[in-house]
Peer 1: 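Take this structure, written in structure tokens, and hold onto it; I'll ask about it next.
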Amino acid sequence: MPQDTPAAARDASWLARNAVDSLPDGALAAKLEEAARLGRPMRVKFGIDPTAPDIHLGHAVVLGKLREFQDAGHVVVLIIGDYTARVGDPSGRSTLRPMLSGEEIDANSATFQEQALRILDSDPRKLEVRRNGEWLDMPMIDLLSLVRTTTVAQLLEREDFAKRWSAEEPISILELLYPLLQGYDSVAVDADVELGGTDQKFNLLLARDIQRHYGRAQQAIMTMPILAGTDGKRKMSKSLGNQIGVTDPPGEMFGKAMSIPDEAMEEYYRLLLDSRSPEGSTLEAGKLQGSSARDAKRRLAHQLVAWLHSEQAAQDAEQEWDRVFAQHELPQEIADAALPAGETVHVPALIAEEFGISRSEARRLLEQGGVWLGEEQLGGEDQDVAVSRADGQVLRVGRRRFRRLKAS
RNA sequence: GGCGGGGUUCCCGAGCGGUCAAAGGGGCGUGGCUGUAAACCACGUGGCUCUGCCUUCGAAGGUUCGAAUCCUUCCCCCGCCA
């Protein structure tokens with residue numbers, strides 16, 4: 001191993017902050033030192049699965065870290081797993097992921113790239129986008145030489161495989177193959193470093209073995225923590241409905257950020273804002289109470305919007321949020337809803353129409369006092385309301401759905 | 001190939017001939033409290049022209065006055081043995 005220069009060691013420890021693992025010890029510093037010595041940037045690999053195109057803040061943790069590498073002058077190699085997606089990854093649970101068509105994958109990949117570029121630097125000297133179909137669509141003979149790099153016992157070391165093995169649950173060959181294919185990606189793109197979530201640790205490490213078998217330099221690996229969703233408990237994921245998307249509109253992003261539990265704030269600050277917020281890492285969990293906690297969360301929400309949209313958008317979103325949720329005033333902009341012709345409006349029908357819920361659900365909301373007309377709370381008996389009474393009023397359903405009613 | 005277990009409403013999961021739109025929990029929603037936090041309380045959570053009607057318990061048939069519950073065939077999942 002080459003001698004670390006102090007500068008490389010310092011850079012390595014800066015880049016590795018917040019990471020769960022940076023392995024092997026000293027490898028990142030050595031890579032940095034080597035890159036500096038050869039006068040070339042490091043190639044930092046990150047693979048994504050184009051089955052679910054929407055990027056949320058959970059992805060943003062790793063993407064933000066990749067951005068730090070870019071800002072330090074290195075190249076991010078973004079690998080779109082188009083080939084692996086086409087096969088269908090059964091990883092983890094019993095449900096097979098659906099196989100996607102070429103068109104879906106293309107569409108998802110495009111969406112993903114566009115969203116990732118909100119965080120990554122798109123400068124072609126700092127970003128390389130590749131598809132693993134470029135090299136994984138290989139002849140059987142090549143696949144066989146890939147699979148001979150690894151034994152079943154090695155694969156069974158992975159925690160989830162080990163668990164399922166001892167519980168006598170099924171493990172498909174395809175699943176076993178995935179780490180190998182992913183590892184081969186590292187060979188194909190000559191990765192110096194690979195990043196991923198902590199759930200990727202095994203795969204990232206296995207890629208090192210595969211690189212060695214192919215006579216390549218072995219990558220350093222770094223794993224980032226998994227961000228909790230807006231419920232503060234389970235990991236952020238679209239299927240759990242607890243995600244904040246990086247392309248969510250400012251108002252929505254602000255609101256969702258305000259709804260996270262206090263305990264999750266510290267983590268959000270640290271993992272998402274730490275390199276761009278002066279107070280980020282100084283926020284101490286558990287120290288905040290009452291209004292100071294609320295204010296800290298406001299700053300969190302503000303900074304997230306400022307990061308992913310703009311400072312102006314953040315100011316607007318905060319102001320609007322204040323209006324509606326702190327001062328309980330009406331939003332600045334309310335969409336119009338045309339009242340049907342006639343003497344009376346059937347309120348459940350109107351709500352169902354405007355907000356895309358069923359009439360039954362609208363009726364329940366009405367009965368439970370979730371519907372207001374102007375200042376007046378409607379009840380179960382107010383199914384039909386005179387048009388003259390509704391015209392010009394603001395209809396509010398629940399806390400956040402508004403329409404200004406206009407007679408037609 | 002043989003043997004066995006299983007597919008229930010968003011999820012888990014009870015039901016095993018009528019009293020079942022289907023227990024219980026989770027999640028979610030609404031109201032209260034409040035900081036769109038937590039905790040807590042209440043109510044709700046298939047649809048509709050709503051004291052009733054319609055559709056739902058993997059699919060299709062059948063038995064029955066009546067089926068999520070019984071029978072037949074099919075599809076799918078899981079385990080064991082080979």
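Letters A, B, ... mirror the listed sequences (proteins, then strands); counts begin at 1. Just the heavy atoms: all of them, side chains too, but no hydrogens, waters or symmetry mates, feed the values below. Remember, it's a predicted structure, so these values are computed and weren't measured experimentally.
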Peer 1: With the threshold set at 4.0 Å, does a side-chain nitrogen-carboxylate oxygen contact exist between A/Asp106 and A/Arg131?
Peer 2: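 Judged by the 4.0 Å cut-off on N to carboxylate O distance, A/Asp106 and A/Arg131 do form a salt bridge.
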Peer 1: Of the options A/Asp209, A/Asp190, A/Asp192, which is the one that meets A/Arg216 in a salt bridge (charged side-chain N to carboxylate O under 4.0 Å, His left out)?
Peer 2: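 Testing A/Arg216 for a salt bridge (charged side-chain N to carboxylate O under 4.0 Å, His left out) against A/Asp209, A/Asp190, A/Asp192 leaves exactly one candidate, A/Asp190.
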Peer 1: Check salt bridge (charged side-chain N to carboxylate O under 4.0 Å, His left out) between A/Arg43 and all other residues, then give those that pass, not counting sequence neighbours.
Peer 2: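 In terms of salt bridge (charged side-chain N to carboxylate O under 4.0 Å, His left out), with neighbours along the sequence ignored, A/Arg43 is linked to A/Glu128.
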Peer 1: Using Watson-Crick or G-U wobble geometry with both distances under 3.5 Å, which nucleotide pairs with B/C74?
Peer 2: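 Pair assignment: B/C74 / B/G58.
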Peer 1: Would you call A/Tyr178 and A/Asn203 a side-chain contact if the rule is heavy atoms closer than 4.5 Å?
Peer 2: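 Of all side-chain heavy-atom pairs linking A/Asn203 with A/Tyr178, none is under 4.5 Å.
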Peer 1: Looking only at heavy atoms, what is the nearest atom pair of A/Leu180 and A/Thr150, with distance?
Peer 2: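 Between these two residues, the closest heavy atoms are CD2-OG1, 2.9 Å.
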Peer 1: B/G47 phosphate, OP1 or OP2: any side-chain N/O from A/Arg364 under 4.0 angstrom?
Peer 2: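 Answer is yes, contact under 4.0 Å.
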Peer 1: So A/His59 and A/Phe112, would you call those rings parallel, tilted or perpendicular, with 30° and 60° as cut-offs?
Peer 2: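 A/His59 vs A/Phe112 ring planes: perpendicular.
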Peer 1: Round to the nearest Å and state the distance from A/Lys256 atom NZ to B/U36 atom C1'.
Peer 2: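 Value for this atom pair: 13 Å.
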Peer 1: So for A/Gln368 and B/G29, does any side-chain atom that can act as donor or acceptor lie under 3.5 Å from a complementary atom in the base?
Peer 2: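 Per atom types, the contact qualifies.
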Peer 1: Would you indicate whether the side-chain heavy atoms of A/Pro261 and A/Asp231 approach each other to under 4.5 Å?
Peer 2: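 No, too far: nothing below the 4.5 Å cut-off.
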Peer 1: Hey, which sits more toward the 5' end of RNA chain B by its nearest nucleotide, A/Ile260 or A/Arg401?
Peer 2: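 Taking each residue's closest nucleotide, the earlier one in sequence belongs to A/Arg401.
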Peer 1: Within this structure, what is the CZ-to-P distance between A/Phe402 and B/U36, rounded to whole angstrom?
Peer 2: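 After rounding, the reported distance stands at 13 Å.
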Peer 1: So which nucleotide does B/C65 pair with, by the Watson-Crick or G-U wobble rule with both distances under 3.5 Å?
Peer 2: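 The base-pairing partner of B/C65, which may sit in any strand shown, is B/G18.
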Peer 1: Which ones in residues 373-388 of chain A lie close to RNA chain B, meaning a heavy atom under 4.0 Å from one of its atoms?
Peer 2: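 Correct list: empty, so none.
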Peer 1: Given that both distances must come in under 3.5 Å, which nucleotide forms a Watson-Crick or G-U wobble pair with B/G29?
Peer 2: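 Matched B/G29 with B/C43 under the 3.5 Å cut-off.
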Peer 1: Using whole Å, what does the distance between atom P of nucleotide B/G35 and atom CE of A/Met258 come to?
Peer 2: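 Spelled out: CE on A/Met258 to P on B/G35 is 11 Å.
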Peer 1: What's the gap between B/G15 and B/C70 when it is taken at their P atoms, as a whole Å value?
Peer 2: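 Roughly 12 Å separates the two P atoms.
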Peer 1: B/U49 phosphate, OP1 or OP2: any side-chain N/O from A/Arg359 under 4.0 angstrom?
Peer 2: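 True: A/Arg359 side-chain N/O within range (under 4.0 Å) of B/U49 OP1/OP2.
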Peer 1: Would you say the base of B/G27 and the side-chain of A/Asp231 have a donor-acceptor pair closer than 3.5 Å?
Peer 2: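 No, the side chain and the base share no sub-3.5 Å donor-acceptor pair.
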Peer 1: Of all of residues 316-335 of chain A, which get a heavy atom below 4.0 angstrom from RNA chain B, listed by number?
Peer 2: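 Of all residues in residues 316-335 of chain A, the ones placing a heavy atom under 4.0 Å from RNA chain B are A/Trp321, A/Phe325.
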Peer 1: Take atom CZ of A/Arg399 and atom C1' of B/U30, then tell me their distance rounded to the nearest Å.
Peer 2: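 My rounded result for the distance is 9 Å.
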Peer 1: Using a cut-off of strictly less than 4.0 Å, decide whether A/Ser358 has a side-chain nitrogen or oxygen near OP1 or OP2 of B/C48.
Peer 2: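 Yes, A/Ser358 has a side-chain N/O under 4.0 Å of OP1/OP2 on B/C48.
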Peer 1: Please tell me which of the listed nucleotides, B/A37, B/G31, B/U36, lies nearest to the side chain of A/Arg400?
Peer 2: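 Nearest nucleotide to the side chain: B/U36.
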Peer 1: Counting only Watson-Crick pairs (N1-N3 plus N6-O4 or O6-N4) and G-U wobbles (N1-O2, O6-N3), all under 3.5 Å, who is the partner of B/U36?
Peer 2: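 The answer is none; no pair meets the criterion.
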Peer 1: Take atom CG of A/Leu365 and atom P of B/G47, then tell me their distance rounded to the nearest Å.
Peer 2: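 In whole Å, B/G47 P lies 11 Å from A/Leu365 CG.
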Peer 1: Should A/Arg299 and A/Asp295 count as an ion pair when the cut-off is N to O under 4.0 Å?
Peer 2: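 Here A/Arg299 does not pair with A/Asp295 in a salt bridge, since their nearest N and O are not under 4.0 Å apart.
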Peer 1: Are any non-hydrogen side-chain atoms of A/Ile226 and A/Asp199 less than 4.5 angstrom apart?
Peer 2: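 In short, these two side chains touch, coming nearer than 4.5 Å.
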Peer 1: Given atom CD of A/Glu353 and atom P of B/C48, what is their separation to the nearest angstrom?
Peer 2: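 Rounded to the whole Å, the gap is 12 Å.
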Peer 1: In whole angstroms, how far is the P atom of B/U45 from the CG atom of A/Leu366?
Peer 2: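 Checked: the CG to P distance equals 15 Å.
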Peer 1: In Watson-Crick or G-U wobble terms, both distances under 3.5 Å, what is the partner of B/U9?
Peer 2: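 In the structure as shown, B/U9 has no Watson-Crick or wobble partner.
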Peer 1: Quick one, A/Leu57 and A/Leu308 - any side-chain contact, counting heavy atoms below 4.5 Å?
Peer 2: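 Counting from C-beta outward, A/Leu57 and A/Leu308 do come under 4.5 Å.
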Peer 1: Starting from P on B/U30, measure out to CD on A/Glu361 and report it in whole angstrom.
Peer 2: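 So the two atoms are 9 Å apart, to the nearest Å.
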